[in-house]
Protein chains: 4
Amino acid sequence: MKDKPKYKQIIEAAVEVIAENGYHASQVSKIAKKAKVADGTIYLYFKNKEDILISVFREKMGTFIDGAKRAIDDEQTANDKLFKLIEMHYSQLSESPYLAIVTQLELRQSKSELRHEINKVLKSYLDVIDSVIEFGLETGEIDKKFNPQLIRQMIFGTLDESVTTWVMKSQRYQLVEQVEEMHTLLTKGFFK
Amino acid sequence: MKDKPKYKQIIEAAVEVIAENGYHASQVSKIAKKAKVADGTIYLYFKNKEDILISVFREKMGTFIDGAKRAIDDEQTANDKLFKLIEMHYSQLSESPYLAIVTQLELRQSKSELRHEINKVLKSYLDVIDSVIEFGLETGEIDKKFNPQLIRQMIFGTLDESVTTWVMKSQRYQLVEQVEEMHTLLTKGFFK
Amino acid sequence: MKDKPKYKQIIEAAVEVIAENGYHASQVSKIAKKAKVADGTIYLYFKNKEDILISVFREKMGTFIDGAKRAIDDEQTANDKLFKLIEMHYSQLSESPYLAIVTQLELRQSKSELRHEINKVLKSYLDVIDSVIEFGLETGEIDKKFNPQLIRQMIFGTLDESVTTWVMKSQRYQLVEQVEEMHTLLTKGFFK
Amino acid sequence: MKDKPKYKQIIEAAVEVIAENGYHASQVSKIAKKAKVADGTIYLYFKNKEDILISVFREKMGTFIDGAKRAIDDEQTANDKLFKLIEMHYSQLSESPYLAIVTQLELRQSKSELRHEINKVLKSYLDVIDSVIEFGLETGEIDKKFNPQLIRQMIFGTLDESVTTWVMKSQRYQLVEQVEEMHTLLTKGFFK
DNA sequence: GATGAATGAGAATTCATTCAT
DNA sequence: TATGAATGAATTCTCATTCAT
């Protein structure tokens, strides 16, 4: 009952409601009902509906990014850091099926203002990827001839697309089993 | 039906209206106005609003996919085919800035049902990518140890993310200049 | 069926709904129902709810003011003009009991923005009163020592208050029977 | 109850909040905040929001009416009594700019039920005016041919309208300077 | 007496779609 | 075919009031 329980209740309810009903069918009243609070209570903790959604993303991505950061800090090479990053990306989303649906499918349907806020949060994650690339450039593991931005686009694009595929296939296979192969594909390419 | 001039007028109007106003501010009446037809006329050519948007995607992606297919058919190696694929992906979207905005940003805001239909169309493009991978496996250019699905996710994810980045940066740089480097990154990876 | 019948239908319905239910209980849907149109139709003719109310006032006061103007134009002396003004003020409101309720009681409950618009319309009526005073000053009927603004406040305040009293007493007596006495009171005062 | 300090705090806070924010933006929570009490505390002293507003009017008008009564009691003629009445009406409102705004503009926006209660309070003031007229009829200063109700409507309507004009012109001129001229206008009329 | 977190009813407006002409 | 006026369902947010502490 401590530490603003209602705030967390509402956040968790929002994730579930969006995952179950889809972004466009997620009325405030539905979220309130699932959180077991009155509609008006929502507005004691959030400015408006958009604020709920941004907060969901911020809270959840915050944890996600922190997890990724901590994991790669433990590793000594860019190669290992990248491996860990892929592993964390897959494992964290695997463990929160609702969150995966929300981030990969539903929240992308939001209108521009909200998307803008979401992109800000996403930026922090891209920064983490950039830091791994930067590290690899320093250690010499990655060739300096490459544009780091393109490398990052490849890494994030690949991870994002593979998770989306997994979500759209109803999360029916084990994402984490792909870690090693994806790591090899990204670092070595697929041509002999 | 699809040969009628009004049908094409409406499709073209829809692309422009969505690119200029964003998905959520693209009312049927706006599309009708830009197409210079009455609101009701729209419904003589399309079942409903969703049908317009799917048709936009189908028509435009059809041309896009045909272009890609024709281009890779001319090449003899998987390596060259992939190079051409990347080049066509970038060049075709570069030449249709409106279309790029619509496919990369706006249409992704549509609700799940529409997204489902869009994914069907997208499937044809993924099939083209798959055919290149298939070809590479047959010629031995690509190692059989890799899961082709993962390779495809990497290729598509990378292309898609790089175009989205370019659109979000207001298309301020030349996408096609990245073709060669992206091709190297995908085929050889970025590790020494 | 000619000359924007829906517009007038809605205006008339609005007057009745406000008079019967009071300003605060006059929902758009109630007005639409009484006008026998769909809720959405209202918005083809009016920008928003406030616009309906302003239009009601403008339309009705327009007629009211025109009536007053035409009546005083026929008279040759300030004395007669004032008499006619009082007569028209009373008779026009007597003939439209709903309108009287709306202008004397309900519309005064509106919020500042709307009140502002209403005051603009009211200003035209005050101008008519001012023109009578002006005329009287020119003919010498009214002593130049008086501040015309104060005279106008006395005339309008008296008429307004007497109509409000009549409305609040449920319009149970004949307002027009007071014309002559009110005219005497205003012009000669009530002291011997 | 009415002697409790919190009661008076809330009344004073209400006047200020309404004058500063307008009737429609005067939430109970705002009044509570300005009165430095909790929202719930309000309901220990007042039945509901309407009760606050009526009490504001009752308390303030009580003082106002008492002032007027005392002033006219000192005078010996109806003429002097009326003069004093006008003077007190103007001076008391001049000295309480907030109160003037609240009574002339904001409280008139309240819904009919509240207006009804306000009118009851106002009735006491009209009684005071009536007593002056009565006195004048007895002394013979006022002609018995006039309907006293109409005289009262003229006096109150004129005073009320002139104060409203002054408030709407942002209280930029001296109301009390008009006392003498208004008195002349009311008693003698403005026709030669 | 005092608090303030929680409640939940209530209403304006948009826009895809229809159908009489 | 083509029109466009009319339809009406659907949802966020505010704020007076309560009541457990």
Side-chain angles (χ1 to χ4, degrees), chain A residues 1 4-7 9-10 24-33 35-52, chain B residues 1 4-7 10 24-33 35-53, chain C residues 4-7 9-10 24-33 35-53, chain D residues 1 4-7 10 24-33 35-53:
Chain A
M1 263 307 176
K4 288 200 178 177
K6 297 255 154 85
Y7 178 87
Q9 251 166 264
I10 295 165
H24 290 279
S26 296
Q27 297 88 340
V28 171
S29 60
K30 244 180 212 164
I31 296 173
K33 199 171 180 183
K36 287 178 185 162
V37 299
D39 291 18
T41 304
I42 300 264
Y43 293 87
L44 296 177
Y45 295 91
F46 301 91
K47 218 170 73 239
N48 49 34
K49 187 181 178 181
E50 200 172 294
D51 191 29
I52 308 175
Chain B
M1 184 74 102
K4 300 287 174 70
K6 301 233 159 138
Y7 177 87
I10 295 166
H24 290 280
S26 295
Q27 296 86 343
V28 170
S29 60
K30 245 182 211 164
I31 296 173
K33 199 172 179 184
K36 288 178 184 163
V37 299
D39 292 17
T41 305
I42 299 263
Y43 292 86
L44 297 175
Y45 295 89
F46 300 91
K47 216 169 78 239
N48 49 34
K49 186 181 180 180
E50 204 171 290
D51 190 27
I52 310 174
L53 303 176
Chain C
K4 287 198 178 179
K6 298 255 154 88
Y7 179 86
Q9 252 166 264
I10 295 165
H24 290 279
S26 296
Q27 297 88 340
V28 171
S29 60
K30 244 180 213 164
I31 296 172
K33 200 170 178 183
K36 288 180 184 161
V37 298
D39 291 17
T41 304
I42 300 264
Y43 292 88
L44 296 177
Y45 296 91
F46 301 91
K47 218 170 72 241
N48 49 35
K49 187 180 178 181
E50 200 172 293
D51 191 28
I52 308 174
L53 304 176
Chain D
M1 184 73 100
K4 300 290 176 68
K6 301 233 160 138
Y7 177 87
I10 295 166
H24 290 280
S26 295
Q27 297 86 344
V28 170
S29 60
K30 243 181 213 165
I31 296 172
K33 199 171 178 184
K36 287 179 185 163
V37 299
D39 292 17
T41 306
I42 299 264
Y43 292 86
L44 298 173
Y45 295 90
F46 300 91
K47 215 171 77 239
N48 49 33
K49 187 181 179 181
E50 204 171 290
D51 191 27
I52 308 174
L53 302 176

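In what follows, chains are A, B, ... by sequence order, proteins preceding strands, each numbered from 1. Please read all numbers here as calculations on a predicted model, not as lab measurements.
- Protein atom NZ of A:K6 is 6 Å distant from nucleotide atom C1' of E:dA6, rounded to whole Å.
- Closest to the C:Y43 side chain, of the nucleotides F:dA5, E:dT14, E:dT3, is E:dT14.
- Between E:dT7, E:dA2, F:dA16, one nucleotide has an atom nearer to the side chain of D:Q27 than all others, and that is F:dA16.
- As rounded to whole Å, 16 Å separates atom P of E:dT14 from atom CG of B:D39.
- When each of B:S29 and A:V37 is assigned the nucleotide of DNA chain E with its nearest heavy atom, A:V37 is the one assigned upstream, toward the 5' end.
- Listed nucleotides: F:dT7, E:dT7, E:dT3. Nearest to the side chain of D:L44: E:dT3.
- Candidate nucleotides E:dA5, E:dT13, F:dT3 were compared by shortest atom distance to the side chain of C:V28, and E:dT13 ranks first.
- Listed candidates were E:dA6, E:dG4, E:dA12. Nearest to the side chain of A:Y45 is E:dA6.
- F:dT17 and E:dA6 make up a base pair, with Watson-Crick or G-U wobble contacts both under 3.5 Å.
- Within the 4.5 Å cutoff, the side chain of B:K30 has no heavy atoms near those of the B:K33 side chain.
- Of the listed nucleotides (F:dC13, E:dA12, F:dA6), F:dC13 has the atom at the smallest distance from the side chain of A:K49.
- The distance between atom NE2 of D:H24 and atom P of F:dT14, rounded to the nearest whole Å, is 17 Å.
- Both A:N48 and D:E50 lie close to DNA chain F; mapped to their nearest nucleotides by heavy-atom distance, the more 5′-ward contact belongs to A:N48.
- Taking for each of C:G40 and B:T41 the nucleotide of DNA chain F with the nearest heavy atom, the 5'-most of the two is the partner of B:T41.
- Side chain of D:A38, nearest nucleotide from F:dA6, E:dT7, E:dT3: E:dT3.
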